[in-house]
Amino acid sequence: VRVITGLAAAHEAVLSLRKKGSVGFVPTMGALHEGHASLVRRAKRENRSVVVSIFVNPLQFGPKEDLRRYPHTLAADKKLLMKAGAHLVFVPSADVFYASDFQTTVEVKGLTRGLCGRSRPGHFTGVATVVLKLLNLVPCDRLYLGQKDYQQYRVIAQMIKDLSLPVEVRLCPIVREPDGLAMSSRNAFLSKQERTSAAALNRALVDAAEAVRSGARKGSEVTARMRSRLGAAPGARLDYAELVDAESLEPVVILKPGRTVLAAAAVYYKKARLIDNRLIGVKR
Ligand code: PAF
């Protein structure tokens, strides 16, 4: 697998890959796990070449967040990417990626007001900005994003639509540990007890789906179930547990038959904030 650090060199390499056929792109922040590998494998099935970027984007971290602690595991990442079948890895350094006079950002408004946007002000502007810049440097046919960051997926898809970017977005399923915990680079920050407790996140979402399946039609009824499960998880402090429309991300008051809703939750542990979600179809 070829590793490129320069911006112009990456752009040139992607253009020459594209001459040979379609390019799938998987943007990441490194500390790769099986969830990322599944994105690369999917991209490989659907494209001639796969490009992966590894860049811990300072713009999407708040002043009190874990930028400095964010894990860097480049050697292991390269191995995983080689095995998954990536062709090219773009690993820019922060000072080259953002020149000292960098001053342009992209803001997606409505979709970023709730859920993670509420507790992480500026986060999605950092995400939209870096992804737009990455798409300029890595002109791809298809962009692969994981469902674990569902709000991020909606924000990026909206930006792509609003700005008429010629790229297709593919949303890929969450990969889970045997106890249901969604894979995340941040799981490494959990203590042993917290790791056990963290399975409650997925259980809360299963509870939500179960409540809807058995006929709950009030959003508040469903979120109460989620909150009670998360409230019982040792060491977890609730950030949010919500039921929102899967497209607009607006809170759902009454569940309408035929619609798809998103149950989403975030909890804080001592050194990590974890998120998870589940798409739920409402029966007609
Ligand atoms: O999901 C991530 O790892 C990041 O938010 C992304 C999309 C690579 C942008 O930095």
Side-chain angles (χ1 to χ4, degrees), residues 7 10 14 24-40 42-43 50-62 65-74 76-77 80-81 84 86 88-98 102 104-108 111-112 115-117 119-138 140 142-160 163 165 167-175 182-189 264 266 272-277:
L7 308 197
V14 177
F25 176 39
V26 183
T28 81
M29 299 207 299
L32 303 181
H33 49 67
E34 190 46 37
H36 298 108
S38 76
L39 298 180
V40 174
R42 165 98 179 263
V50 180
V51 178
V52 177
S53 65
I54 296 180
F55 179 59
V56 182
N57 172 34
L59 224 55
Q60 71 188 72
F61 288 80
E65 294 183 351
D66 55 355
L67 173 62
R68 274 184 312 159
R69 266 195 298 125
Y70 203 84
H72 290 257
T73 58
L74 190 57
D77 291 351
L80 177 142
L81 292 176
L88 197 152
V89 190
F90 175 36
V91 191
S93 69
D95 50 340
V96 171
F97 196 85
Y98 294 123
F102 189 88
T104 306
T105 58
V106 184
E107 188 191 357
V108 177
L111 288 170
T112 62
L115 305 176
C116 292
S119 29
R120 304 187 70 186
H123 168 67
F124 288 114
T125 292
V127 168
T129 303
V130 78
V131 171
L132 178 56
K133 183 159 166 124
L134 285 168
L135 287 172
N136 284 329
L137 293 165
V138 181
C140 59
R142 300 185 185 88
L143 175 70
Y144 293 81
L145 298 169
Q147 190 192 318
K148 189 175 72 73
D149 299 289
Y150 185 85
Q151 187 175 18
Q152 165 171 284
Y153 152 73
R154 283 294 303 120
V155 167
I156 293 171
Q158 189 69 42
M159 172 188 74
I160 285 173
L163 302 183
L165 304 180
V167 55
E168 249 175 68
V169 185
R170 296 280 161 97
L171 180 67
C172 305
I174 298 174
V175 178
M183 288 200 182
S184 163
S185 310
R186 291 185 167 101
N187 293 349
F189 296 137
R273 177 177 172 281
L274 303 185
I275 59 173
D276 199 352
N277 67 76

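Each ligand, and each atom within it, is numbered from 1 in the order the structure gives. Quantities reported herein were computed from a predicted structural model and do not represent experimental measurements. Numbering starts at 1 and runs along the sequence shown.
- Considering only residues two or more places apart in sequence or on other chains, Asp77 meets the salt bridge (charged side-chain N to carboxylate O under 4.0 Å, His left out) condition with none of them.
- Residues satisfying the side chain to side chain contact (heavy atoms under 4.5 Å, CB included) test with Glu34, not counting sequence neighbours, are Ala37, Arg41, Val175, Met183.
- In this pair, Phe55 and Phe97 present their aromatic rings tilted. The plane angle is within the 30 to 60° band.
- Atoms of ligand 1 found under 4.0 Å from any heavy atom of Val130 (numbered from 1 in listed order, with element): 9 (C), 10 (O).
- Among His123, Lys148, Lys133, Gln60, the residue whose heavy atom sits closest to atom 4 (C) of ligand 1 is Gln60.
- Near Pro27, meaning under 4.0 Å from any of its heavy atoms, are these atoms of ligand 1: 8 (C).
- Closest protein heavy atom to atom 2 (C) of ligand 1: Gln152 NE2, 3.8 Å.
- Relative to the six-membered ring of Tyr144, Arg42 misses at least one condition, a distance below 6.0 Å or an angle of at most 45° to the axis.
- In Thr28, the part holding a heavy atom less than 4.0 Å from any atom of ligand 1 is the backbone.
- Ring pair His33/His36 is tilted by interplanar angle, where 30° to 60° counts as tilted.
- For atom 3 (O) of ligand 1, the nearest non-hydrogen atom of the protein is Met29 CG, 3.5 Å.
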